[in-house]
Amino acid sequence: MNEYVDTSESHLRKPDDPQPAVRVSSSTTDHSKLKPLQGPFSSGPEVTQACLKCHNEAGHQFMKGIHWTWEYKHPVTGQTLGKKHLVNNFCTNARGNEGMCAQCHAGYGWKDESFDFTDQTKIDCLVCHDSTGTYYRTPNSQGNEACTSMFVDRPPIEWTKVAQSVALPDRSNCGTCHFYGGGGDGVKHGDLDSSLKHPDKALDVHMDAQGLNFSCTECHQGEGHQWSGSRYNMMARDTEGTGKPGERRQVATCESCHGNSPHPGNNLKALKLNGHTDRVACQTCHIPTFARGGVATKIDWDWRSAGKLKDGEGFNIKDYTQGNGEHRATYKSIKGNFKYGENLKPTYAWFDGVMDYTTIDTQFVPDKAPIAINSFKGAYDDPDSRIWPFKVMNTIQPYDKGNNTLVYMHLWGDDSDAFWGNYDFARAIKVGMEKNGKPYSGEYDFIPTVSYWPITHMVAPKEDAVKCGECHAEDGRLSELEGFYMPGRDGFGWLDILGYMAVIGALLVAFVHGLIRFVMCKKRVTEHCRDKE
């Protein structure tokens, strides 16, 4: 049974779907009239060559960015990160599986180490700039029979039409990859999924299709094909606020547009809310739940059960129906068992913006499982930390039992060693490690892992923000945070008494002051009238 592609989870338009209207471009150039784009074209690289004839610096700019390199050197930890290197707790690794995973690389043809990262014609301009909605990507190499041949029934790409219809990226362009990371719609992030293509205000006030209708680049601004905002190196607390004039382009923080005192007014409520902003991230109050657009996010993955067969073939079980009515697979022979969640309250923690990753070379102590794929620090007394919301992903995945490291698995390929075909963990791990020059003891087992995903999208309207009592309560949202005293959460102590006394005292002073002014004013009026007589 060919079972890799789950069409109900596919982000790509199905053959019988209506063709979308071409977006109206804000460009001052009608690309359909440009001579280099008259075609005919028969491939993506040919279109890229035509683009570079006019945009002669775009290639140099783009090739410096993480969408091309899949590599990032963290300035604080010194770690070499990026999809090119990291192990995750979804499909576990892109390294060695680029033939499939590099569908989300903004280039053409990366299937192994022979890919030429200096060839500008291999840049995929259309994945970001197509406005027709008809453009799609395919795997860069063939998979085993256990994996469906993708896009077999799709119509051929009309290269000339697509090339002449380019526009600035919108949410659908970015979402082609970012909505579907981890193996399906909404699987990875929890706050990024296909429901954000055309959301209403209740789902996201900024992306509301009938309102502000922000594209991703409205916040993730940048220059020279380098965009602000990265999960590898976040700014947990932005003390600079807005630029002069307007937004700062080198960051993607709430403060860069809204400032550090975002709640308007001089009343007590505004002052109190603004007093929270140095300790509480905006997202903590303004994203009450995630995965709330009708698309479920994956919260648990167990690789141990992968490889079950029926009549010698792999199979899927779909017994989860998400909010939008689509059925999701809770078991796949090539991946194991899954659990999903929707309308989830985040997990909260003090976060200073610096993530430290467990890489393929990181040795750990198995007894201390779950092993954190990405860990972070933060504390109440750290001025760079604030309370942030997270999605927590739990996975049981293979590891090298002899060396106590995670492993690279050879998953994708048209060969007898690929797990998505032979269902042999020992073989897939051995080949995955050998091909990437990593030591392997020859002995594997499974270990629980956990990863943390900061929640920054699906910003709710202000009337739906988290209410004070949801946190300032004994069993509230922040009940697990330690190291500081919170009124309403930590019992009725002397600080609460002092606080109430201060409030009551302030009200009494205000009342007495007002009463005195009223009496004095009335007295002056009486005396004035008496003088008139």
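We number each residue from 1, following the sequence as shown.
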*So W303 and S305, side chain to side chain donor-acceptor pair (under 3.5 Å) or not? Walk me through it.*
CA-CA 5 Å; W303 276 91; S305 59; over 6 Å; no
*Would you mind reporting whether L406 and T358 have side-chain heavy atoms less than 4.5 Å apart?*
yes
*asked:* So F290 and P346, do their side chains get closer than 4.5 Å, heavy atoms only?
replied: yes
*Kindly determine whether T330 and D319 satisfy side chain to side chain donor-acceptor pair (under 3.5 Å), including the steps that lead there.*
CA-CA 6 Å; T330 55; D319 59 6; 2.4 Å; yes
*Side chains of S215 and L168: does their closest heavy-atom pair fall under 4.5 Å?*
no
*Any donor-acceptor pair under 3.5 Å linking the side chain of R328 with the backbone of K318?*
no
*Which pair of non-hydrogen atoms, one from R171 and one from K197, has the smallest distance, and what is that distance?*
NH2-O, 2.9 Å
_C174 to P169 - nearest heavy-atom pair and separation_ = SG-CB, 4.5 Å
*Which distance, rounded to the nearest 0.5 Å, do you find between the SG of C216 and the CG of D170?*
8.0 Å
*I would like to know whether T297 and K391 meet side chain to side chain donor-acceptor pair (under 3.5 Å); could you show each step before the answer?*
CA-CA 9 Å; T297 189; K391 172 196 167 179; 2.8 Å; yes
*For this output row, return yes or no: ring centroids of W388 and W350 closer than 6.0 angstrom.*
no
*asked:* Taking the ring of F338 and the ring of F90, is the distance between their centroids below 6.0 Å?
replied: no
*asked:* Is the shortest side-chain heavy-atom distance between Q283 and I455 below 4.5 Å?
replied: no
*Are the side chains of N88 and N93 in touch, meaning some heavy atoms are under 4.5 Å apart?*
no
*Give the minimum heavy-atom separation between W301 and M393, together with the two atoms involved.*
CB-CE, 3.7 Å
*Classify the side-chain pair Y320/E342 by whether it contains a donor and acceptor separated by less than 3.5 Å.*
yes
*Taking all non-hydrogen atoms of both residues into account, name the closest pair between A106 and F62 and its distance.*
CB-CZ, 3.4 Å
*For atom CG of L268, is the number of surrounding heavy atoms from other residues, nucleotides or ligands below 6.0 Å larger than 12?*
no
*Is R137 paired with D124 through a side-chain N to carboxylate O contact shorter than 4.0 Å?*
yes
_So, taking the atom named CZ in F376 and the one named CE in M355, what distance separates them when rounded to the nearest 0.5 Å?_
5.5 Å
*Check for a donor-acceptor pair, side chain of H286 on one end and backbone N or O of P461 on the other, with a separation under 3.5 Å.*
no
*Kindly give the heavy-atom pair with the smallest separation between P454 and Y452, and that separation in Å.*
CD-O, 3.7 Å
*Taking the side chain as C-beta and beyond, is there a heavy-atom pair between K335 and C91 under 4.5 Å?*
yes
*Please test Q103 against M100 for side-chain contact (heavy atoms from CB on, under 4.5 Å), starting from the C-alpha separation and ending with a verdict.*
CA-CA 6 Å; Q103 282 184 96; M100 176 64 183; 3.3 Å; yes
*Just by distance, with hydrogens left out, do S228 and Q250 show a side-chain donor and acceptor under 3.5 Å apart?*
no
_D238-T253 side chain donor-acceptor pair, cut-off 3.5 Å_ = yes
*What class does the angle between the rings of F446 and F425 fall in, given that below 30° is parallel, 30 to 60° is tilted and above 60° is perpendicular?*
perpendicular
*With side chains defined as the heavy atoms from C-beta onward, is the minimum distance between E326 and T321 less than 4.5 Å?*
no
*Cationic N near anionic O, under 4.0 Å, K438 to D361*: yes
*Using a strict cut-off of less than 4.0 Å between a Lys/Arg side-chain nitrogen and an Asp/Glu carboxylate oxygen, indicate whether E470 and R477 qualify as a salt bridge.*
yes
*asked:* Do R231 and N374 pair up side chain to side chain, a donor and an acceptor below 3.5 Å, judged on atom types alone?
replied: no
_Between Y408 and N97: side-chain donor-acceptor atoms closer than 3.5 Å_ = no
*Between atom CE of M235 and atom OG of S256, what is the distance when rounded to the nearest 0.5 Å?*
9.0 Å
*Do V354 and T77 pass the side-chain contact (heavy atoms from CB on, under 4.5 Å) test, and can you show the C-alpha distance, the side-chain angles, and the key distance before you say yes or no?*
CA-CA 8 Å; V354 179; T77 66; 3.7 Å; yes
*For atom NZ of K84, is the number of surrounding heavy atoms from other residues, nucleotides or ligands below 6.0 Å larger than 12?*
yes
*asked:* Nearest 0.5 angstrom please: L478 CG to C471 SG, how far?
replied: 4.0 Å
*K377 NZ to D352 CG distance, which is reported to the nearest 0.5 Å*: 6.5 Å
*asked:* Go through it in stages, so that I can follow the logic: the residues are Y180 and D193, the test is side chain to side chain donor-acceptor pair (under 3.5 Å), and I'd like the CA-CA distance, side-chain angles, deciding distance and then a yes or no.
replied: CA-CA 7 Å; Y180 302 91; D193 60 50; over 6 Å; no
*How about H220 and W227: are their ring centroids closer than 6.0 Å?*
no
*Centroid-centroid distance, Y444 to Y399, less than 6.0 Å*: no
_Could you check whether E71 pairs with R95 (Lys NZ or Arg NE/NH1/NH2 to Asp/Glu carboxylate O, under 4.0 Å)?_
no
*What distance separates C285 SG from D464 CG, expressed to the nearest 0.5 Å?*
13.0 Å
_Please check: side-chain N/O of H74 versus main-chain N/O of Q79, any donor-acceptor pairing under 3.5 Å?_
no
*Donor-acceptor contact below 3.5 Å, side chain N274 vs main chain A270*: yes
*Decide yes or no for T362 and Y357: does some side-chain heavy atom of the first lie under 4.5 Å from some side-chain heavy atom of the second?*
no
*For the pair F214 and H206, name the ring-plane relationship: parallel under 30°, tilted 30 to 60°, perpendicular over 60°.*
parallel
*Please check if atom NZ in K272 has more than 12 non-hydrogen atoms from other residues, nucleotides or ligands closer than 6.0 Å.*
no
*Hey, are N260 and T277 close enough side-chain-wise for a donor-acceptor pair under 3.5 Å?*
no
*Pair S333-Y331, side-chain contact (heavy atoms from CB on, under 4.5 Å): steps then yes or no*: CA-CA 7 Å; S333 293; Y331 178 80; 3.8 Å; yes
_Under a 3.5 Å threshold, yes or no: a donor from one side chain and an acceptor from the other, between Q210 and D208?_
no
_Short side-chain donor-acceptor distance under 3.5 Å, N403 and S441_ = no
*Is a donor on one side and an acceptor on the other found under 3.5 Å between the side chain of Q221 and the backbone of E218?*
yes
_Where M458 and A291 come nearest, the two heavy atoms and their spacing_ = SD-N, 3.5 Å
*Donor on one side chain, acceptor on other, S451 and N89, under 3.5 Å*: yes
*asked:* Can a donor-acceptor pair be found, under 3.5 Å and without considering hydrogens, that links the side chain of H189 to the backbone of D191?
replied: no
*Apply the test side-chain contact (heavy atoms from CB on, under 4.5 Å) to residues L86 and T359: give CA-CA distance (whole Å), side-chain angles for both, the deciding distance (0.1 Å), then the verdict.*
CA-CA 6 Å; L86 286 179; T359 70; 4.2 Å; yes
*Parallel, tilted or perpendicular, as decided by the 30° and 60° cut-offs, for the rings of H105 and W68*: tilted
*asked:* Measuring centre to centre across the rings, with the benzene-like ring taken for any Trp, is F351 within less than 6.0 Å of F390?
replied: yes
